[in-house]
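Contents: one structure, followed by commentary.
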Amino acid sequence: MKKWMSIALVALMFCALPALAEPTQIQETSPFFDLSIELPAGMTMEQRVVGDISQAAITSADKPNYTNMLVISFDDLMTGRDMADLNEAELEDVFGGSLGDADAAQASYTMKDLDDGVKVMIINTPDSNVANVLTIKDGYFMQIFGMYNDDQPIAEADVNQAVQLLDDIKLTQIKDAQTVTAPEL
């Protein structure tokens with residue numbers, strides 16, 4: 001009897017484990033790194049590269065009227081730096097550049113430290129229907145704009161999802177930056 005209960009318990013444990021997400025390659029133009037993200041179950045991503053900016057629309061079958069727009073660009077001046085490396089003046093510059101059409105006088109930001117050492121900036125704009133979260137990882141500016149197609153207000157869960165998606169992006173070094181020569185412009 002104990003043997004059957006043990007087998008049933010092991011089978012139940014395997015059924016309760018969530019499906020492991022497969023890494024999805026992110027299209028980008030850096031000669032030094034590959035980017036990938038493990039999307040949660042039920043999420044899909046459509047990508048395109050425009051110049052040196054990668055764009056991806058991440059959607060979920062659970063919320064078909066909600067889209068996370070991921071924008072990634074590499075900045076040579078930030079090579080090797082993360083959001084956590086920036087001083088207060090640099091954070092203010094990143095904040096000012098992240099606002100787009102938002103009213104800068106009413107906007108503010110909150111910094112959040114994640115368990116794995118990643119630091120993200122959450123943009124707070126009154127009466128906004130867009131979740132706006134960004135980080136910098138090894139010179140990559142990564143920003144997510146989350147929004148509903150029907151302009152409904154953003155919930156804290158939407159912001160948390162954007163934070164988690166940014167945290168899930170992984171960089172894999174493919175070449176040493178010192179062995180690659182930048183093309184002549």
Side-chain angles (χ1 to χ4, degrees), residues 14-30 33-75 78 82-83 94-95 97-103 106-172 174:
F14 278 110
C15 292
L17 288 175
L20 295 176
E22 289 291 317
T24 301
Q25 195 69 26
I26 297 174
Q27 299 173 5
E28 45 80 30
T29 59
S30 170
F33 293 95
D34 278 339
L35 299 171
S36 63
I37 185 171
E38 289 189 14
L39 294 172
M43 293 191 115
T44 58
M45 181 167 63
E46 292 183 34
Q47 305 179 66
R48 69 182 183 160
V49 175
V50 179
D52 62 349
I53 298 174
S54 299
Q55 301 173 345
I58 302 171
T59 56
S60 171
D62 295 342
K63 291 198 289 187
N65 65 331
Y66 186 81
T67 302
N68 282 298
M69 290 301 300
L70 171 64
V71 179
I72 300 175
S73 63
F74 185 76
D75 185 341
M78 297 299 280
D82 296 329
M83 183 74 85
V94 169
F95 169 64
S98 70
L99 294 177
D101 294 335
D103 183 2
Q106 296 180 6
S108 63
Y109 66 90
T110 305
M111 299 304 298
K112 182 173 183 175
D113 294 316
L114 306 181
D115 292 338
D116 58 1
V118 172
K119 186 176 240 176
V120 297
M121 178 181 285
I122 301 169
I123 308 298
N124 308 304
T125 307
D127 303 323
S128 176
N129 60 349
V130 177
N132 186 350
V133 180
L134 66 117
T135 193
I136 300 170
K137 290 184 181 181
D138 216 347
Y140 282 92
F141 284 82
M142 304 176 189
Q143 190 164 14
I144 288 188
F145 301 94
M147 64 206 87
Y148 287 93
N149 301 341
D150 58 3
D151 292 329
Q152 65 179 294
I154 296 298
E156 186 175 341
D158 301 321
V159 174
N160 291 338
Q161 181 184 61
V163 168
Q164 187 60 53
L165 286 170
L166 282 180
D167 193 33
D168 288 344
I169 296 174
K170 304 299 177 217
L171 292 98
T172 305
I174 56 175

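- By the 6.0 Å contact criterion, CG on Asp115 is open, its count of non-hydrogen atoms from other residues, nucleotides or ligands being 12 or less.
- Using a 4.5 Å heavy-atom threshold, the side chains of Lys112 and Asp167 count as separate.
- Proximity of Ile123 to Phe95: side-chain heavy atoms (C-beta onward) are separated by under 4.5 Å at one or more points.
- From Glu46, atom CD reaches atom CD1 of Ile58 across 11.0 Å, with rounding to the nearest 0.5 Å.
- Using modelled atom types, no side-chain atom of Thr67 and backbone atom of Met69 make a donor-acceptor pair closer than 3.5 Å.
- Two residues are said to be in side-chain contact when any heavy atoms from C-beta on lie closer than 4.5 Å; Leu70 and Leu166 meet this criterion.
- For the side-chain contact (heavy atoms from CB on, under 4.5 Å) with Asn68, the qualifying choice from Met43, Met147, Lys63 is Met43, the only one to do so.
- The shortest heavy-atom contact between Ser54 and Val49 is OG-CG2, 4.1 Å.
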Passes side chain to side chain contact (heavy atoms under 4.5 Å, CB included), Val130 versus Thr125? Steps please. CA-CA 9 Å; Val130 177; Thr125 307; over 6 Å; no
Determine, step by step, whether Asp82 and Val118 satisfy the side chain to side chain contact (heavy atoms under 4.5 Å, CB included) criterion, reporting the C-alpha distance in whole Å, the side-chain angles of both residues, the deciding distance to 0.1 Å, and the verdict. CA-CA 8 Å; Asp82 296 329; Val118 172; over 6 Å; no
Take Gln143 and Asn132 through the test side chain to side chain contact (heavy atoms under 4.5 Å, CB included) and record every step on the way to the result. CA-CA 7 Å; Gln143 190 164 14; Asn132 186 350; 2.7 Å; yes
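- Closest approach of Met83 and Lys119 over heavy atoms only: CB-O, 3.4 Å.
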Side chain to side chain contact (heavy atoms under 4.5 Å, CB included) between Leu39 and Thr44, worked out: CA-CA 7 Å; Leu39 294 172; Thr44 58; 5.7 Å; no
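- The shortest side-chain heavy-atom distance between Tyr148 and Asp158 falls under the 4.5 Å cut-off.
- By the 4.5 Å heavy-atom criterion applied to side chains, Gln161 and Ile144 are not counted as neighbours.
- Asn65 contributes atom CG, which lies 11.0 Å from atom OG1 of Thr59 (distance to the nearest 0.5 angstrom).
- Side chains of Asp168 and Gln164: a donor-acceptor N/O pair is present below 3.5 angstrom, by distance only.
- Counting heavy atoms from C-beta outward, Ile53 and Val71 have side chains that approach closer than 4.5 Å.
- The CD1 atom of Ile169 sits 5.0 Å away from the CE atom of Met142 when rounded to the nearest 0.5 Å.
- Using a 4.5 Å cut-off on side-chain heavy atoms (C-beta onward), Ile154 and Tyr66 make contact.
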